[in-house]
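Okay, so here's the structure we're looking at.
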Amino acid sequence: MAELHVSVELPVLDLSQPVNLSFLSSLSQACQEWGFFYVTNHGISRNLFSKVCTLSKHIFSLPADSKLKVGPSSCLKTYTPHFIASPYFESLIVSGPDFFASAKRSADELFSQQNSEFSEILQEYGNKMIDLSKRIIEVLVMTLGDGCDRKFCESEFSNCHGYFRVVNYSPPKDVEEREVEGLGMHTDMSCITIVYQDETGGLQMRSKEGEWLDIPPCEDLLVVNIGDLLQAWSNGRLRSSEHRVVLKRLVNRLSLAFFWCFEDEKVILAPDEVVEEGNQRIYKSFVCLDYLKFRESNEEGKFEKIGYTVKDFAGVTLRM
Ligand SMILES: O=C(O)CCC(=O)C(=O)O
Ligand SMILES: [Fe+2]
């Protein structure tokens, strides 16, 4: 992949400070243009990250048949083996709201001995991510208009739920190419996704013009990106952009992606206040689960792939 990679300065939402108008305006611009930004003072300690990473590495180092006990043909289906998303990608899903129970179900299958530390740490991580997601949604909704946060956070987002995917990327050992794709281009089916990436880097977002831009890892910063559900709910004002992961030669990479989503039965329709004056709704109303099913039924290997996004599903063709 010989492509030019440039990087762009994304705004950093600092949760230790009150948000001011000038920040809201730069956040709003970034969300319209890129759909990506960073968050700092997010309340997750470096110590917690390193514990989650150490425990996750332990899981991924288990023999393939142990991991397949929770793989696609098992009852739990929490483990995605290599060659589904890409040959270099494997992941484990932990679902909320009871992250402890979800992690424990996988751990009980994976380990012969009881291992409650794993479930406790993943529970702490998941719960912190829920709090963080709520705070971020509040700020994002604020960018859509004065008073929108008060009006909509409770009524529209209070039944959101979250799950996270721990991803282990292992690049090939025998390929000459400098970089390979660890996860192909896709958009997320969430409202927002919060990503912790290790120091390796490799996450890239695609500009509207189709250029790939690096999203470098930065100590103490988490990456936030807008997903399809929020793009539709915000009438396209918050962009769910395509992104991918490229792997450096011979460097292993670990990431944690937390997806904050509307409840399955929610009817998604941009509220009047969010549709700016003079504009029309660009998405028809739809039931969240119907969209998730549409994506699944169109995906090769049932993984998140591009080409069948919320625009194809619920987009309105505007007459000029
Ligand atoms: O691994 C990453 O940094 C991002 C993963 C991602 O985009 C996803 O799981 O949807
Ligand atoms: Fe993603």
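Both counts, for ligands and for their atoms, begin at 1 and track the order of listing. The first residue of the sequence shown is numbered 1, and numbering continues consecutively from there.
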At less than 4.0 angstrom from any non-hydrogen atom of [X], what atoms of ligand 1 do you find?
X      : answer
Val245 : 1 (O), 2 (C), 3 (O), 4 (C)
Val195 : 3 (O)
Leu183 : 5 (C), 6 (C), 7 (O), 8 (C)
Tyr169 : 1 (O), 2 (C), 5 (C)
Phe259 : 8 (C), 9 (O), 10 (O)
Ser255 : 1 (O), 2 (C), 3 (O)

Counting only heavy atoms, which portion of [X] has something under 4.0 Å from ligand 1: side chain, backbone, both, or neither?
X      : answer
Asp188 : side chain
Val167 : neither
Val223 : neither

Of the N, O or S atoms in Asp188, the one nearest the Fe ion (ligand 2)
OD1
With respect to the Fe ion (ligand 2), what is the nearest N, O or S atom of His243?
NE2
Shortest non-hydrogen pair, Ser66 vs Leu110, comes out as O-CD2, 3.6 Å
Indicate yes or no: does Lys151 engage Asp146 in a salt bridge with an N to O separation below 4.0 Å.
no
For Asp220, all residues meeting side-chain contact (heavy atoms from CB on, under 4.5 Å), sequence neighbours excluded
Arg46
If the condition is side-chain contact (heavy atoms from CB on, under 4.5 Å), which residues does Asn41 pass it with, not counting sequence neighbours?
Asp14, Ser16
Just by distance, with hydrogens left out, do Asp188 and His186 show a side-chain donor and acceptor under 3.5 Å apart?
yes
Euclidean distance, Phe152 CZ relative to Glu273 CD, rounded to 0.5 Å:
4.0 Å
Working to the nearest 0.5 Å, report the span between OG of Ser255 and CZ of Phe164.
12.0 Å
Please report whether the ring centroid of His243 lies less than 6.0 Å from that of Phe36.
yes
Closest by any non-hydrogen atom to atom 7 (O) of ligand 1: pick that one out of Arg165, Gln204, His243, Arg244.
His243
